[in-house]
J.: 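Attaching a single structure in structure tokens format; questions to follow.
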Amino acid sequence: MTEPQTTSQTPEHPRAIRSFVLRQGHMTAAQQRAIDTLWPRYGLDYRAENLDLAQTFGRAAPKVLEIGFGMGTATAEIARRLPDTDFLAADVHGPGVGNLLKLIEEQGIANIRVMRHDAVEIVENMLADNSLDGIHIFFPDPWHKKRHHKRRLIQAPFVAKLLPKLKSGGYIHLATDWEEYAAQMLDVLRAFPGLENTAEGYAPTPAYRPETKFEARGKRLGHGVWDLVFKKR
């Protein structure tokens with residue numbers, strides 16, 4: 001059920017954390033055309049310098065980073081549901097980038113900017129501390145085999161990189177359809193004294209997050225989905 005999106009290296013691994021795993025994907029003509037024609041309007045190139053988010057979006061409004069948006073369908077819907085919030089959406093998957101750009105144009109969405117780059121480097125080199133009001137990471141790759149758990153994105157070293165970028169009162173919202181990974185996510189977030197759970201354990205799905213086709217299919221098969229929403233103190 002899970003849409004392959006993101007992964008990471010283990011903190012003990014000599015290589016740096018990465019927010020993705022490269023996968024082959026077929027780029028349709030429409031997706032490539034969207035990249036070629038719409039990138040100047042809605043895309044942002046990676047540069048190792050601070051990004052002025054207010055200037056980028058042309059307004060002062062809450063700013064949310066989404067890491068690993070897949071084909072972008074849920075991202076576009078969330079942006080439509082929250083027009084007063086701006087979304088910086090990061091992924092490396094070409095077909096997904098092209099599809100999200102196409103959705104932005106077709107649906108007249110003004111509050112998304114897209115980056116095709118490793119989110120870890122974006123976080124480290126382009127986002128100022130206390131610049132984000134929220135972070136979304138939905139259905140990251142669960143790496144369900146035990147020997148691959150070290151590749152999961154949601155581990156303490158990566159969360160430690162994210163938290164300084166959040167404003168006080170800002171939130172991190174995770175979702176997964178893999179129960180064992182949900183438990184790991186909960187343990188990781190609970191271990192940070194600077195974070196406070198908004199629920200006793202897992203959170204009700206916030207109204208802004210739409211049900212994805214993968215989620216709906218999983219529910220039909222009897223699978224669960226777990227949301228976690230923590231706020232920065």
Side-chain angles (χ1 to χ4, degrees), residues 2-7 18-128 131-141 153 165 173 208-216:
T2 298
E3 183 175 10
Q5 292 180 26
T6 53
T7 184
R18 295 171 69 190
S19 67
F20 64 95
V21 58
L22 290 175
R23 287 187 170 91
Q24 297 299 319
H26 175 68
M27 180 90 73
T28 67
Q31 290 163 356
Q32 185 62 61
R33 184 164 56 249
I35 292 174
D36 294 341
T37 60
L38 301 177
W39 189 261
R41 290 180 61 188
Y42 307 113
L44 297 173
D45 294 323
Y46 172 78
R47 293 184 177 87
E49 57 189 37
N50 271 0
L51 177 66
D52 186 327
L53 291 172
Q55 184 180 61
T56 296
F57 287 91
R59 65 175 182 172
K63 301 294 189 283
V64 171
L65 171 67
E66 178 162 0
I67 297 174
F69 54 77
M71 296 306 289
T73 306
T75 304
E77 180 60 29
I78 291 170
R80 285 164 53 91
R81 294 181 182 186
L82 300 176
D84 295 327
T85 298
D86 294 325
F87 295 88
L88 179 63
D91 207 313
V92 298
H93 188 233
V97 169
N99 198 64
L100 178 54
L101 291 169
K102 187 165 71 74
L103 292 173
I104 290 170
E105 180 73 2
E106 289 172 351
Q107 299 177 17
I109 300 170
N111 56 332
I112 297 177
R113 295 295 180 270
V114 183
M115 294 197 69
R116 187 179 181 182
H117 196 79
D118 179 11
V120 174
E121 292 192 349
I122 294 170
V123 169
E124 289 180 333
N125 300 321
M126 293 191 71
L127 297 178
S131 63
L132 297 175
D133 296 271
I135 296 169
H136 294 172
I137 307 175
F138 301 148
F139 304 102
D141 195 323
L153 180 63
K165 310 304 175 182
H173 178 186
Y208 59 76
R209 186 177 78 74
E211 184 177 79
T212 69
K213 64 179 181 180
F214 300 93
E215 188 174 348

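Throughout, numbering of the chain's residues begins at 1 and tracks the sequence.
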J.: Would you call D86 and K63 a salt bridge, using N to O less than 4.0 angstrom?
T.: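 Yes, D86 and K63 are salt-bridged.
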J.: With a 4.5 Å limit on heavy-atom distance, are the side chains of L82 and F87 in contact?
T.: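 Of all side-chain heavy-atom pairs linking F87 with L82, at least one is under 4.5 Å.
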J.: Can you tell which of D52, L53, L51 makes a side chain to side chain contact (heavy atoms under 4.5 Å, CB included) with Q55?
T.: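 Testing Q55 for a side chain to side chain contact (heavy atoms under 4.5 Å, CB included) against D52, L53, L51 leaves exactly one candidate, D52.
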J.: If you take the centroid of each ring, where Trp contributes its six-membered ring, are F69 and H93 closer together than 6.0 Å?
T.: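 No - the distance between ring centres of H93 and F69 does not fall below the 6.0 Å cut-off.
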J.: Before you tell me yes or no, could you show the steps for T73 and L103 under side chain to side chain contact (heavy atoms under 4.5 Å, CB included), namely the whole-Å CA-CA distance, both residues' side-chain angles and the distance that decides it to 0.1 Å?
T.: CA-CA 8 Å; T73 306; L103 292 173; 4.2 Å; yes
J.: Before giving the answer on side chain to side chain contact (heavy atoms under 4.5 Å, CB included), spell out for R209 and E215 the whole-Å C-alpha distance, their side-chain angles and the decisive distance to 0.1 Å.
T.: CA-CA 11 Å; R209 186 177 78 74; E215 188 174 348; 2.8 Å; yes
J.: Rounded to the nearest 0.5 Å, what's the gap from CG on L88 to CG on N111? Could you check?
T.: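 Output value for this atom pair is 12.0 Å.
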J.: For the backbone of A110 and the side chain of R113, can you confirm whether one donor and one acceptor N or O come within less than 3.5 Å of each other?
T.: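 A pair under 3.5 Å: yes.
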J.: Testing the basics here: between T212 and A74, what is the closest heavy-atom pair and its distance to 0.1 Å?
T.: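 Scanning both residues, the minimum pair turns out to be CG2-CB, 4.2 Å.
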J.: Identify whether the distance between the nearest side-chain nitrogen and carboxylate oxygen of E105 and R33 falls below 4.0 Å.
T.: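 A salt bridge is absent here (no side-chain N lies under 4.0 Å from a carboxylate O).
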J.: Which is it for M27 and I35 under the side chain to side chain contact (heavy atoms under 4.5 Å, CB included) test, yes or no, and what are the steps along the way?
T.: CA-CA 10 Å; M27 180 90 73; I35 292 174; 3.8 Å; yes
J.: Looking only at heavy atoms, which two atoms of L101 and L38 are closest? And how far apart?
T.: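 Shortest heavy-atom contact: O-CD1, 3.3 Å.
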J.: Could you check if a side-chain atom of T28 sits within less than 4.5 angstrom of a side-chain atom of H26, using non-hydrogen atoms only?
T.: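 T28 vs H26: side chains touch.
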J.: Report the C-alpha distance between R41 and I104 in whole Å, list the side-chain angles of each, state the deciding distance to 0.1 Å, and finish with yes or no for side chain to side chain contact (heavy atoms under 4.5 Å, CB included).
T.: CA-CA 10 Å; R41 290 180 61 188; I104 290 170; over 6 Å; no
J.: Roughly how far, to the nearest 0.5 Å, is the NE2 atom of H173 from the CD atom of E66?
T.: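 Between E66 CD and H173 NE2, I get 10.0 Å after rounding to 0.5 Å.
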J.: Within the structure provided, determine whether M115 and E121 are in side-chain contact (heavy-atom separation under 4.5 Å).
T.: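 A side-chain contact is absent here, since even the closest heavy-atom pair is not under 4.5 Å.
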J.: Counting heavy atoms not belonging to E106, are there more than 12 under 6.0 Å from its CD?
T.: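 Buried by this count: over 12 neighbours within 6.0 Å.
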J.: For a quick test of reading the model, state the closest non-hydrogen atom pair linking P83 to R59 and the distance between them.
T.: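 Nearest heavy atoms, P83 then R59: O-NH2, 2.9 Å.
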J.: How close do I112 and A76 get, heavy atom to heavy atom, and via which atoms?
T.: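 Closest pair (atom of I112, atom of A76, distance): CD1-CA, 4.0 Å.
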J.: Please find the pair of heavy atoms, one from A30 and one from K102, that lie closest to each other, and give the distance.
T.: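 Closest approach of A30 to K102: CB-CD, 4.0 Å.
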J.: Among D45, I122, N125, find the one that has a side chain to side chain contact (heavy atoms under 4.5 Å, CB included) with H117.
T.: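 Output: one option passes, namely I122.
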